[in-house]
Amino acid sequence: MTEKTSRASGDETVRDFGPVGAPVVLGNEPGSFAWSVLAKRHPALIRQVRDAFPFGRRQHEALDVLLDEITNGVVQPLAPADHDHVRWAAWGQEHFRRSWYDAPFLWAESYFYRRLLGAVGYFGAGPWQGVDPFAPFKRAELRGDAVEEELRALDTLASASAEERATALLHASLWGNRADLGFRVSAGEPAVDDAAVVALVADDSATLWQLLPAGTVAVVADNAGRELIPDLVLIDHLLAHGHAGRVVLHVKPYPYYVSDAMTADVVDCLRRLTEAPGEAGRIGGRLWKAMAAGSLEVRTHPYFCAPLPYEEMPEDLRKEFADAELTILKGDLNYRRLVGDRLWNPTAPFAELTAYFPGPVAALRTLKSDVIVGLEQGTLDALERSGAVWRTSGTHALIQVRP
């Protein structure tokens with residue numbers, strides 16, 4: 001990779017990495033995936049959040065202002081009194097007072113969620129401080145029939161061999177991302193659960209298992225609910241079968257991208273497991289004890305909600321990952337931040353684009369955005385010939401590992 005530009009950014013330095021021909025993903029092409037998120041999904045989400053709570057007049061007015069801004073106006077900065085005004089002023093200095101569609105897609109998405117939280121009073125003093133605006137969606141999913149069925153399936157899986165269980169649980173953690181609430185929030189999204197075509201476009205799972213056992217495995221979570229439960233079940237398998245002496249589960253510090261997991265979501269999922277009968281309950285009990293014993297630890301960091309690639313992670317977070325023998329990054333957003341939210345050539349080497357990462361890293365991702373690297377040319381050709389919307393529909397996935 002080559003460094004093209006550099007600019008100061010408050011606590012971090014933001015650099016623009018990438019060879020010529022790998023432009024940053026923007027949302028200014030009508031009909032593109034990024035454009036549809038900004039033009040359709042975000043306005044729909046504002047309406048859903050408004051309807052999910054008995055907000056007062058102040059919150060309704062702030063949501064109206066945000067809706068008008070993202071549909072008709074330009075990006076406005078945070079108020080000087082906001083606790084993170086200085087940081088976002090640095091991160092957004094090139095994008096404020098311009099169209100949302102002309103900002104880098106990763107930045108625009110991240111800033112939208114920051115603004116949505118501000119509109120409902122999440123950060124400010126008052127009765128709505130700390131109230132997760134996405135909690136009703138997460139809890140409804142966690143109580144749903146699909147989760148109940150998946151928990152019952154663990155009873156059957158318990159009788160399988162350790163190798164069969166390991167493979168099944170890895171794939172459950174991978175495909176659990178298809179339950180992503182943000183992915184389904186706007187009308188007209190494909191019903192991915194009914195998709196006829198599901199395929200792994202890259203599968204380095206054998207390499208992943210070769211990196212185990214490990215003393216410490218870091219897992220960077222993505223979504224709560226139907227994805228986080230399989231993640232926790234996989235973590236239990238790693239601990240119970242000696243694949244990891246210790247697992248550090250990294251979650252978001254505040255609500256983000258609708259369904260992203262926070263500590264409260266980990267607790268909700270653990271309770272859902274422990275209250276279930278059979279194997280699910282036993283797994284929940286083991287995980288609960290692992291938390292108390294320190295073999296499973298939950299951590300968070302403000303950088304997980306930053307609009308920046310992991311290449312620019314601060315030193316304290318870099319040390320966290322360096323201390324792990326393996327880091328597993330879950331989901332689409334983590335993948336975009338890992339390789340850079342750019343329109344790479346799909347055959348660009350995954351190992352090269354992640355060489356900066358401080359230790360072995362694995363990506364488990366269901367494809368829900370345009371960014372993709374590390375494909376074999378033959379695989380890419382077959383995907384393109386299929387005519388499927390394979391990059392963004394959630395019908396394809398990957399397991400990529402850089403030892």
**OP:** Show your working on ring pair (Phe, Tyr, Trp, His ring centres under 6.0 Å) between Phe55 and Trp128 and close with a plain yes or no.
**Re:** CA-CA 9 Å; Phe55 287 127; Trp128 294 101; 4.8 Å; yes

Original post:
So among Phe112, Trp107, Tyr111, which one has a ring-ring contact (aromatic ring centres under 6.0 Å, His included) with His95?
Top reply: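 Answer to the ring-ring contact (aromatic ring centres under 6.0 Å, His included) test with His95 among Phe112, Trp107, Tyr111: Trp107.
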
**OP:** Show your reasoning for whether side-chain contact (heavy atoms from CB on, under 4.5 Å) applies to Arg391 and Ile372.
**Re:** CA-CA 8 Å; Arg391 289 178 184 248; Ile372 183 77; 3.3 Å; yes

Taking side chain as C-beta onward, heavy atoms only, is [X] less than 4.5 Å from [Y]?
| X | Y | result |
| --- | --- | --- |
| Trp175 | Pro230 | no |
| Met262 | Tyr256 | no |
| Leu200 | His171 | yes |
| Val217 | Leu212 | yes |
| Asn223 | Asp231 | no |
| Phe304 | Val220 | yes |
| Pro314 | Tyr303 | yes |
| Thr392 | Phe33 | yes |

**OP:** With sequence neighbours left out, write down each residue that passes ring-ring contact (aromatic ring centres under 6.0 Å, His included) with His237, or none if nothing qualifies.
**Re:**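 With neighbours one apart ignored, the set is His241, His243.
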
Quiz: residues 318-326 side-chain donor-acceptor pairs under 3.5 angstrom, not counting sequence neighbours:
residue	atom	partner	partner atom	Å
Arg318	NH1	Tyr356	O	3.3
Arg318	NH2	Glu311	O	3.4
Lys319	NZ	Asp323	OD2	3.0
Glu320	OE1	Arg299	NH1	2.4
Glu320	OE2	Arg299	NH1	3.2
Glu325	OE1	Thr216	N	2.8

Subject >> side chain to side chain contact (heavy atoms under 4.5 Å, CB included) partner of Pro346, the single match among Leu375, Val373, Asp370, Leu383 >> reply: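 Of all the options given, the one that passes is Leu375.
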
Subject >> From Ile46, Leu63, Leu45, Leu117, residue fulfilling side chain to side chain contact (heavy atoms under 4.5 Å, CB included) relative to Pro133 >> reply: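 The passing option is Leu117.
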
Heavy-atom closest pair, residues [X] and [Y]:
| X | Y | result |
| --- | --- | --- |
| Trp35 | Lys40 | CZ3-CE, 4.0 Å |
| Leu157 | Ala168 | CD1-CB, 3.8 Å |
| Ala22 | Trp344 | CB-CE3, 3.4 Å |
| Leu211 | Pro360 | CD1-CB, 4.1 Å |
| Val401 | Ala362 | CG2-CB, 3.9 Å |
| Val233 | Ile283 | CG1-CD1, 3.9 Å |

Original post:
Trp100 and side-chain hydrogen bond (donor to acceptor under 3.5 Å, both in side chains): which partner among Glu109, Glu69, His42?
Top reply: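 Only one option passes, and that is Glu69.
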
Distance alone, cut at 3.5 Å: any donor-acceptor contact between the side chains of [X] and [Y]?
| X | Y | result |
| --- | --- | --- |
| Ser161 | Glu164 | yes |
| Tyr101 | Glu29 | no |
| Arg365 | Ser369 | yes |

Ionic contact status for [Y] with [X], cut-off 4.0 Å:
| X | Y | answer |
| --- | --- | --- |
| Lys138 | Asp132 | yes |
| Asp265 | Lys252 | no |
| Arg286 | Glu279 | yes |
| Lys330 | Asp222 | no |
| Arg57 | Glu61 | yes |

Nearest 0.5 Å please: distance from the [atom1] atom of [X] over to the [atom2] atom of [Y].
| X | Y | atom1 | atom2 | result |
| --- | --- | --- | --- | --- |
| Leu232 | Leu169 | CG | CG | 12.0 Å |
| Ser110 | Leu308 | OG | CG | 8.0 Å |
| Leu38 | Thr71 | CG | OG1 | 12.0 Å |
| Leu174 | Leu398 | CG | CG | 7.5 Å |
| Leu142 | Cys269 | CG | SG | 5.0 Å |
| Asp268 | Leu228 | CG | CG | 9.5 Å |

Original post:
Yes or no on side-chain hydrogen bond (donor to acceptor under 3.5 Å, both in side chains) for Thr354 and Tyr310, after CA distance, side-chain angles and deciding distance?
Top reply: CA-CA 9 Å; Thr354 59; Tyr310 283 127; over 6 Å; no

Check whether any side-chain N or O of [X] sits under 3.5 Å from a backbone N or O of [Y] as a donor-acceptor pair, and report yes or no.
| X | Y | value |
| --- | --- | --- |
| His396 | Ala199 | no |
| Arg402 | Gly359 | yes |
| Asp332 | Leu367 | no |
| Thr167 | Glu163 | yes |
| Thr366 | Ala397 | no |

Original post:
Do Trp288 and Thr274 pass the side-chain contact (heavy atoms from CB on, under 4.5 Å) test, and can you show the C-alpha distance, the side-chain angles, and the key distance before you say yes or no?
Top reply: CA-CA 8 Å; Trp288 200 281; Thr274 58; 4.0 Å; yes

**OP:** Report the residues that fulfil salt bridge (charged side-chain N to carboxylate O under 4.0 Å, His left out) with Asp84, sequence neighbours left out, ordered by chain and then residue number.
**Re:**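 Scan of Asp84 (salt bridge (charged side-chain N to carboxylate O under 4.0 Å, His left out), adjacent residues dropped) gives Arg114.
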
Original post:
Is it the case that more than 12 heavy atoms not belonging to Glu376 sit under 6.0 Å from its CD atom?
Top reply: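 12 or below, so no.
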
Subject >> Glu149, Glu150, Glu141, Glu148 screened by salt bridge (charged side-chain N to carboxylate O under 4.0 Å, His left out) with Arg226, the one that passes >> reply: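 Of Glu149, Glu150, Glu141, Glu148, salt bridge (charged side-chain N to carboxylate O under 4.0 Å, His left out) with Arg226 is met by Glu150 alone.
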
Original post:
For the residue pair Phe123 and His83, does the interplanar ring angle fall in the parallel (under 30°), tilted (30 to 60°) or perpendicular (over 60°) class?
Top reply: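 Taking His83 first and then Phe123, their aromatic rings sit tilted (interplane angle of 30° to 60°).
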
**OP:** Verify side-chain contact (heavy atoms from CB on, under 4.5 Å) between Asp316 and His301, making sure each step is shown before the conclusion.
**Re:** CA-CA 9 Å; Asp316 58 340; His301 192 285; 2.9 Å; yes

**OP:** In sequence, state the C-alpha distance, the side-chain angles, and the governing distance for Leu151 and Ile229, and then conclude on side-chain contact (heavy atoms from CB on, under 4.5 Å).
**Re:** CA-CA 9 Å; Leu151 293 183; Ile229 283 183; 3.9 Å; yes

